[in-house]
Structures are given as C-alpha cells and as structure tokens.
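Inspection log for the structure reproduced underneath, given as structure tokens.
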Amino acid sequence: MADGVSVWERVYELAGKADPSYRLVSAPAWADSSKPLLVIVHPGDVTRLDLKGEYNEDFAERDSQYLFQSGMGVEIQQWLDREWDVVVLHGRSSAGFERREDEAEWAYPAIGGLHDNMVCMAQFDAALEGVHGKCGVMYSEEFGAFARELLDASKYNAASRPGVVLTGSYMDAGRPLARLGEILEEQGVTVYTSCNVPTTKDDAAEWTAKAGSFNFMAEGEIRASLEQQPPRP
C-alpha cells in the first residue's frame with residue numbers, strides 16, 4: 001500500500017474496530033467481466049483456534065477443517081494463475097490470522113497421518129498473500145454494501161459475468177457466505193459455491209446456491225465458452 005501500511009496491518013486495524021461498514025483496503029490490478037469471479041468471503045471464519053473449545057477431543061473433525069483450508073488455498077492459487085478475477089472480503093474474524101502461530105501449536109499433528117495441518121494452513125495463508133498482492137481487498141460486515149461494489153458495472157460487473165464463485169467461509173445457512181450469495185442471486189447474478197467450502201458441523205443446515213457447486217463440469221463449461229471468445233484488444 002502506498003502509505004507503507006501492509007494489507008494485513010490495515011485489515012487487523014479494521015477488525016479491531018466496532019464499525020462494520022464497507023472499506024476498500026486495496027484496489028485490484030485487473031477486472032475482466034468476461035471471466036468468472038472468485039469471492040473469498042470472511043476467510044478468518046475458518047481460522048480454527050476457536051475449535052479448542054468447540055471440538056474438544058474431536059480431532060478428526062478438526063483435521064477435516066484443515067483439509068478444507070488446503071483445498072481453498074489450491075483453488076485460489078489456480079484462479080490467480082489463470083488471471084481470473086479474485087476479490088477477498090475480510091471481516092472481524094480475520095483478526096484470527098494474527099493468532100496463527102498459537103493455532104499451529106494446537107493443530108499439530110494431524111492424527112491420521114495422511115496430511116499435515118501445518119502445510120494446509122500454509123497453503124491457505126500463501127494464497128491469501130497472493131490475493132493481497134494483486135487483487136481487490138475489502139473489509140465489511142455489511143454484505144449489502146459489498147454486493148453493490150461487486151454489482152457496479154464500472155468495477156466488477158458481477159451480473160454480467162459467466163459466474164461468481166463464493167469460497168472462504170462456511171456454507172451454513174445464515175452465515176456470511178450464504179447472506180452474500182442470497183443478495184447477489186436476488187440481483188440476477190449466477191452464483192456458485194466452491195467445492196472446498198465446508199459447513200461448521202456435519203449436521204449443520206447448509207445453504208445451496210441456485211447454480212449449485214462449482215464442480216469440474218461447471219468449470220469446464222465456462223472455460224470452453226471463454227476459449228470461444230475472440231481475444232480482447
């Protein structure tokens with residue numbers, strides 16, 4: 001950032017305030033509305049230090065959450081590599097990234113031995129760093145204001161895109177990802193949920209986007225349609 005304050009410092013500053021209103025943290029390096037848009041919603045929701053009290057000895061449930069973090073990290077990096085637009089909306093829960101070292105002490109090791117929770121955390125955190133480096137970064141607890149930013153035809157023009165994919169938070173009904181998705185769908189946006197987005201618990205009520213999950217078939221259709229478009233001047 002031009003004033004010498006890092007994106008994370010600005011996010012932590014906003015997360016420490018009571019004001020929930022929309023703030024632009026940094027502007028994107030590109031925005032091409034002919035391509036799909038990945039929206040990372042409140043990624044701090046899946047920082048898992050809070051699970052110490054919630055899951056107690058349920059370490060298998062804990063480890064599954066880190067696998068979702070890994071999946072989201074890989075997904076985000078794939079979008080960056082394709083130069084498809086990505087935007088992240090931070091909220092108060094992003095203050096949890098300041099406590100990742102404390103979380104790491106509790107998260108290690110994975111009990112099954114089939115994956116490394118530290119690697120999962122690192123993949124997710126590195127992908128967010130990549131987004132901070134060249135994509136739009138916003139802060140808000142007010143989803144209507146953020147949705148207007150995405151719908152603005154001079155900015156992200158979400159309603160004209162082949163799809164908007166939501167990731168980052170949980171897909172429980174009533175949580176941030178679902179609330180934003182419902183607002184966007186009301187405005188005619190084709191909304192998908194990421195295949196990597198978990199629910200807080202297996203028995204949690206799940207919100208389902210009308211377009212469904214952004215699986216390999218949905219992605220393949222969009223990629224094929226983009227390949228048929230003439231190159232932009």
Side-chain angles (χ1 to χ4, degrees), residues 1 4-16 23-29 37-52 54-55 59 61-112 114-141 165-171 175-177 180 193-200 214:
M1 296 177 69
V5 178
S6 74
V7 171
W8 277 122
E9 287 173 322
R10 179 61 174 150
V11 168
Y12 296 151
E13 176 190 352
L14 292 168
R23 295 286 189 276
L24 175 66
V25 178
S26 65
L37 173 67
L38 182 70
V39 181
I40 308 165
V41 184
H42 284 196
D45 287 1
V46 294
T47 58
R48 304 313 302 158
L49 190 60
D50 62 298
L51 294 186
K52 292 178 73 173
E54 183 179 345
Y55 287 161
F59 292 117
E61 184 75 21
R62 173 204 67 176
D63 292 346
S64 72
Q65 301 295 322
Y66 287 107
L67 284 174
F68 284 117
Q69 285 191 38
S70 175
M72 285 188 281
V74 171
E75 171 187 47
I76 293 165
Q77 189 58 55
Q78 288 175 339
W79 282 64
L80 293 173
D81 292 344
R82 294 173 186 147
E83 295 192 352
W84 287 5
D85 289 339
V86 181
V87 61
V88 57
L89 176 69
H90 286 288
R92 293 192 188 103
S93 62
S94 286
F97 286 102
E98 281 194 296
R99 305 191 303 272
R100 287 293 250 182
E101 290 186 5
D102 294 333
E103 182 182 348
E105 293 181 6
W106 173 73
Y108 179 81
I111 59 168
L114 300 178
H115 70 280
D116 187 329
N117 288 342
M118 301 302 97
V119 172
C120 295
M121 291 173 66
Q123 287 177 311
F124 189 47
D125 294 357
L128 288 176
E129 288 285 356
V131 173
H132 286 180
K134 57 185 178 182
C135 302
V137 181
M138 290 85 162
Y139 179 92
S140 187
E141 294 284 342
V165 181
L166 304 183
T167 191
S169 183
Y170 295 104
M171 61 195 305
R175 290 183 72 101
L177 187 146
L180 176 62
T193 51
S194 164
C195 294
N196 297 296
V197 174
T199 53
T200 52
F214 195 66

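Predicted, not measured: the structure shown is a model, and the values here were computed from it.
A donor-acceptor pair is defined here as one N or O able to donate and one able to accept, closer than 3.5 Å; such a pair exists between the side chain of Gln69 and the backbone of Val46. Judged by distance alone, with hydrogens and angles left aside, the side-chain atoms of Gln77 form no donor-acceptor pair with the main-chain N or O of Val74 at under 3.5 Å.
Scanning for side chain to side chain donor-acceptor pair (under 3.5 Å) contacts around Ser169 gives Asp45, with sequence neighbours left out. Partners of Arg23 under the side chain to side chain donor-acceptor pair (under 3.5 Å) rule, at least two apart in sequence or in another chain, are Asp19, Ser21. For Glu13, the salt bridge (charged side-chain N to carboxylate O under 4.0 Å, His left out) partners two or more places apart in sequence, or in a different chain, are Arg10, Lys17. Glu141 is linked by a side chain to side chain donor-acceptor pair (under 3.5 Å) to nothing, counting only residues two or more places apart in sequence or in another chain. For Thr193, the side-chain contact (heavy atoms from CB on, under 4.5 Å) criterion is met by Met171, Leu177, Trp207, Ala209, Ser213, not counting sequence neighbours.
Closest of all the heavy-atom pairs between Val7 and Ser26 is CG2-OG, 4.3 Å. Nearest approach of Tyr12 to Ser94, heavy atoms of both residues: CE2-O, 3.4 Å. The minimum heavy-atom distance between Thr199 and Tyr170, with the atom names listed, is C-CD2, 3.6 Å. Nearest heavy atoms, His42 versus Ser140: NE2-O, 2.9 Å. When all heavy atoms of Asn196 and Phe68 are compared, the pair lying nearest together is O-CD2, 3.1 Å. Trp79 approaches Leu37 most closely through the heavy-atom pair CZ3-C, 3.4 Å.
Here the CG-OG distance, from Leu38 to Ser194, works out to 7.5 Å after rounding to the nearest 0.5 Å. Glu98 CD to Glu9 CD: the interatomic distance, rounded to the nearest 0.5 Å, is 9.5 Å. Distance check: Tyr139 OH to Leu89 CG gives 9.0 Å after rounding to the nearest 0.5 Å. Distance check, rounded to the nearest 0.5 Å: CD of Glu101 to CE of Met121 gives 9.5 Å.
You'll find the side chain of Met138 stays beyond 4.5 Å of the side chain of Val88, heavy atoms only. The closest side-chain heavy-atom distance from Arg100 to Phe124 is below 4.5 Å. Counting heavy atoms from C-beta outward, Leu14 and Val25 have side chains that approach closer than 4.5 Å.
The only member of Val39, Ile40, Val86 that meets side chain to side chain contact (heavy atoms under 4.5 Å, CB included) when paired with Thr167 is Ile40.
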Show me the donor-acceptor pairs within less than 3.5 Å that the side chains of residues 126-136 make with the rest of the protein, sequence neighbours left out.
residue: Glu129; atom: OE2; partner: Trp8; partner atom: NE1; Å: 2.9
residue: His132; atom: NE2; partner: His90; partner atom: NE2; Å: 2.9

